[in-house]
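Okay, here's the structure, questions in a sec.
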Amino acid sequence: MNNEILLILSVFIIYGAELLFFKLFGKQGLYCFTAIATIAANIEVLILVKAFGMEMTLGNVLFASTFLVTDIISEIYGKSDAKRAVNIGVATSIVFIVFSQWWLLYTPAASDQAMTSMKAIFSNTPRTMLASLIVYAIVQRFDVWAYHKWWNFTEKLCGDSKKYLWVRNNGSTLISQFLNNLLFTTGAFAGVYDLKTLWSIVISSYVIFIFTSLADTPFIYLARKIHSSDKIQAS
C-alpha cells in the first residue's frame, strides 16, 4: 500500500476513532484521545516520507485531530472545557518528555535488544517535544479563541448559534494550522534539514493540513449529532 493511500485512510481512521471515543466516553473520551494523539504524534513526526510528490513529516493527521477535539468541545461544552483539553495536551507532553528521557538513563543488559533503537528514537525527542509543547500551548489556545470569535461573528450574522458551524470550524483551524506548521517546523527542524527541505516540509505539511482541516468538518457535525442523540436518549 503506497503512502498516499495510507495518508488518506489515516484521516478517516483517526477522526473515526476520535468520534468513537466521544460516543463511548463523552467529553472524558475526548480528553483521553488528546493525550493519546499528543504522544503518538510527537513520535510519528520524526518520520519523513514522500507522498503526493512532496517530502513531509508524519504526525500531521494526529496533530490535526487535536484541533478537532478542541473544536468539538468548544461547540458542545464551551471555551473553558476546550482550554482544559489544551492543558491536558501540554501536561501529557511534559510527562512524556520526562519519562522517555528517564528510560535512556538505564544501563541495558548485555542481552538487551531494545535500547539502541530506543535511543535512536527518543534521543531526538526532547527538541521536537519541546518545540511541540511550546507551539501546541500557543496555537491551541489561539484556536479556541479564534473558534469563539468566529462563533460570535456567525451568530451576529444570522441570529442563530447553530448555523455556520463549518465557518467557525474551518475559519479557526486553517489559520491555527498554518501557525502551528510554521512555528513547529522551524523550532523542531531548523539546523537538522537544509532550508530547501524545511520550506518543502512547511508547504507540504500545510497542504496536508488544509485537507485534514476541511475533512474534519463532517466529523464535527457528526459529533454534534451524537451529543444531541445521547441527550434525547438520556431524557
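Just so it is clear, the structure is predicted and the values come from calculations on it, not from any experiment.
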(message) Run the ring-ring contact (aromatic ring centres under 6.0 Å, His included) test against Tyr164 and tell me which residues pass, sequence neighbours left out.
(response)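 Applying ring-ring contact (aromatic ring centres under 6.0 Å, His included) to Tyr164 gives none.
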(request) Evaluate the side-chain proximity of Trp151 to Thr154: yes if any heavy-atom separation is below 4.5 Å, no if none is. (result) yes
(request) Not counting sequence neighbours, which residues clear side-chain hydrogen bond (donor to acceptor under 3.5 Å, both in side chains) with Ser176? List them please. (result) Asp143
(request) Kindly say whether Asp71 contributes a backbone atom to a donor-acceptor pair with the side chain of Ser74 at under 3.5 angstrom? (result) no
(message) Suppose the criterion is ring pair (Phe, Tyr, Trp, His ring centres under 6.0 Å): which pairs have a residue in residues 31-58, not counting sequence neighbours?
(response) Phe21-Phe33
(request) Please identify each residue that fulfils side-chain contact (heavy atoms from CB on, under 4.5 Å) with Thr197, with sequence neighbours left out. (result) Glu55, Tyr193, Asp194, Ile201
(request) Would you please name every residue forming a side-chain hydrogen bond (donor to acceptor under 3.5 Å, both in side chains) with Asp112, sequence neighbours left out? (result)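 Asp112 satisfies side-chain hydrogen bond (donor to acceptor under 3.5 Å, both in side chains) with no residue once adjacent residues are dropped.
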(request) Output all residues satisfying side-chain hydrogen bond (donor to acceptor under 3.5 Å, both in side chains) with Ser65, sequence neighbours left out; order by chain, then residue number. (result) none
(request) Using side-chain hydrogen bond (donor to acceptor under 3.5 Å, both in side chains) as the criterion, list what pairs up with Thr34, not counting sequence neighbours. (result)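 Applying side-chain hydrogen bond (donor to acceptor under 3.5 Å, both in side chains) to Thr34 gives none.
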(request) Report the residues that fulfil ring-ring contact (aromatic ring centres under 6.0 Å, His included) with Trp199, sequence neighbours left out, ordered by chain and then residue number. (result)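 Not a single residue meets the ring-ring contact (aromatic ring centres under 6.0 Å, His included) criterion with Trp199.
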(request) Only one of Ile203, Ile210, Val202 passes side-chain contact (heavy atoms from CB on, under 4.5 Å) with Tyr206; say which it is. (result)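 Exactly one pass, corresponding to Ile210.
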(request) Using the test ring-ring contact (aromatic ring centres under 6.0 Å, His included), find all partners of Tyr77 that sit at least two apart in sequence or belong to another chain. (result)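 Counting only residues at least two positions away or on another chain, Tyr77 forms a ring-ring contact (aromatic ring centres under 6.0 Å, His included) with His227.
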(message) How long is the straight-line distance from CD1 of Ile73 back to CD1 of Ile220, given to the nearest 0.5 Å?
(response) 10.5 Å
(request) Report the residues that fulfil ring-ring contact (aromatic ring centres under 6.0 Å, His included) with Trp145, sequence neighbours left out, ordered by chain and then residue number. (result) Phe142
(request) Could you pull out all residues at least two apart from Glu44 that satisfy salt bridge (Lys or Arg N to Asp or Glu O under 4.0 Å)? (result)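 If we apply the salt bridge (Lys or Arg N to Asp or Glu O under 4.0 Å) test to Glu44, skipping adjacent residues, there are no hits.
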(request) Under the side-chain contact (heavy atoms from CB on, under 4.5 Å) rule, collect the residues that match up with Leu222, sequence neighbours excluded. (result)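 By the side-chain contact (heavy atoms from CB on, under 4.5 Å) rule, Leu222 matches Leu19.
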(message) If I compare all heavy atoms of Ser213 with all of Asn169, which pair ends up nearest, and what's the gap?
(response) O-ND2, 4.3 Å
